[in-house]
There are 2 protein chains.
Amino acid sequence: MAKATDPKSNDDAPTRRANDAAAATRRPSDAVTAAWIALMRAQQVAMRRAERALRRAELPAYGWYDALWELEKAGEDGLRIGEIEQQMLVAQSNVSRLVDRLEAASCIVRRPCPTDGRAQLIVITDAGRAVRARMWPIYAEVIQSVVGDHVNDADASLIAAILAPVIADRGD
Amino acid sequence: MAKATDPKSNDDAPTRRANDAAAATRRPSDAVTAAWIALMRAQQVAMRRAERALRRAELPAYGWYDALWELEKAGEDGLRIGEIEQQMLVAQSNVSRLVDRLEAASCIVRRPCPTDGRAQLIVITDAGRAVRARMWPIYAEVIQSVVGDHVNDADASLIAAILAPVIADRGD
DNA sequence: GCCACATTCATGCGATTGCATCAAGTTTGA
DNA sequence: TCAAACTTGATGCAATCGCATGAATGTGGC
């Protein structure tokens, strides 16, 4: 019997036409489909718990941590909006507005880019570093309880290694 | 050197206090943290591409597929809102409204539950099955190009197996 | 130098989300 | 039998999302 959550269609054949675009005719294997589902569900579980934990602790949402950490790594030179977008993998408009919120909370400052008048450099402030530092213990606990308590280090490394090419592929 | 996306804080020590709640003092290993990041990023890549592909094909969003597939598996008996919620792992209010949209599109019908006047049974219609069938080729292509093209079947099965306990844990 | 095109970021908009709450129905216990 | 507690699903609301678009700036061909 198929896995309970297998989304494979048993009736896709009738819907397939001889001259569908080639792209639409490729079918993932059962194993690949199972991995996809696991990926989606596991992330949903993880994200939900992270957001809830942060909210309960009266801390900002997950996206703030993500952005602040990237900015902290970037240091005094800051990052452009577009660079944050590439790191975080969220839509540009959302980065723009997230930065608005971070600025309103004094977590970052916008500085004009000396070499490109269109761009701006987003630089983290001490207040921003402090916010990130306060978020980390809560976030860390969620990572540990969601992943660490169920997956040993070897398997965890395996997951990161297997998924690396998936993440690297920006095709589309 | 630490991985570029390692969110581990180098300055969490100063923020740690002797009598923090025990829950907030657990720290994930580097491997577990890397797995967490891989999970989040890979799912973001996957979801974005699925949503875009479906939109380009003028098909409904990912959530519709998920719900319709659960309902199709459930057959004529249908599912309660709460059962769909557990399968899809989204908030109850969102299931309620997703079902509204599915109903408006004639993809499902609501039937009173014979044994519980509060509940209702959501049953997929032929139109709903047709919509899911039209979505599958697009969805399948994304699964293949995002996961299948980068991960072999053995690794895919490994991912599903390793993540299973993560998904199963509904603690919190 | 100048004009067409590309890039960078902001913003209007409609859709969707989660949380809190509510109404209706069911179960429990005395 | 009746009231308190619980369960089920709907809804108001504010926040956030992605897309489409716009304004400002930069780049390259002539």
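All of these numbers come straight from a predicted model, not from anything done at the bench. Below, chain A is the first sequence line, B the second, and so on; all start at residue 1.
No side-chain heavy atom of Cys107(B) sits less than 4.5 Å from a side-chain heavy atom of Ile124(B). Using a 4.5 Å cut-off on side-chain heavy atoms (C-beta onward), Val90(B) and Gln44(A) make contact. When side chains are defined from C-beta on, Val123(A) does not count as touching Leu71(A), because their heavy atoms never get closer than 4.5 Å.
Of all nucleotides listed (dA10(C), dG9(D), dG26(D)), dG26(D) comes nearest to the side chain of Asp116(A). Picking from dA10(C), dT17(C), dC17(D) the nucleotide with the shortest atom distance to the side chain of Arg101(B) gives dT17(C). Considering only side-chain atoms of Ser96(A), the nucleotide from dG9(D), dT25(D), dC9(C) that sits closest is dC9(C). The side chain of Arg97(B) lies closest to dT11(D) when the candidates are dT26(C), dT11(D), dA10(D). Nearest to the side-chain atoms of Arg52(B) among the listed nucleotides dT11(C), dC19(D), dC19(C) stands dC19(D).
For Gln92(A) and dT21(D), the CD to C1' distance is 11 Å, given to the nearest whole Å. Across the protein-nucleic acid pair, Ile81(B) atom CD1 and dG25(C) atom P stand 17 Å apart, rounded to whole Å. To the nearest angstrom, C1' of dC9(C) lies 18 Å from CZ of Arg111(A). One atom, CD1 of Ile122(A), and another, P of dA10(C), lie 7 Å apart when rounded to the nearest Å. Atom CE in Met47(B) sits about 13 Å away from atom P in dT16(C), given to the nearest Å. Atom C1' of nucleotide dC19(D) and atom CZ of Arg49(B) are separated by 19 Å, given to the nearest angstrom. The distance from atom CG of Leu79(A) to atom P of dT8(C) is 14 Å, rounded to the nearest whole Å. Going from atom CD of Glu51(A) over to atom P of dA15(D) covers 15 Å, rounded to whole Å.
For Ala127(A) against Ser106(A), the heavy-atom pair with the smallest separation is CB-O, 3.4 Å.
Within the 4.0 angstrom heavy-atom criterion, only backbone atoms of the sugar-phosphate kind lie near Gln120(A); the bases stay farther away. Within the 4.0 angstrom heavy-atom criterion, only backbone atoms of the sugar-phosphate kind lie near Arg55(A); the bases stay farther away.
Side-chain atoms of Ser93(A) stay outside donor-acceptor range of the base of dC17(D), with no qualifying N/O pair under 3.5 Å. Between the side chain of Arg118(B) and the base of dT7(D), at least one donor-acceptor pair of N or O atoms lies under 3.5 Å.
For Arg110(B) and dA10(D), the shortest distance from a side-chain N or O to OP1 or OP2 is below 4.0 Å.
Trp69(A) and Tyr139(A) share no side-chain donor-acceptor pair at under 3.5 Å.
The nearest heavy atom of DNA chain D to Leu98(A) and to Gly82(B) marks one nucleotide each, and the one closer to the 5' end goes with Gly82(B).
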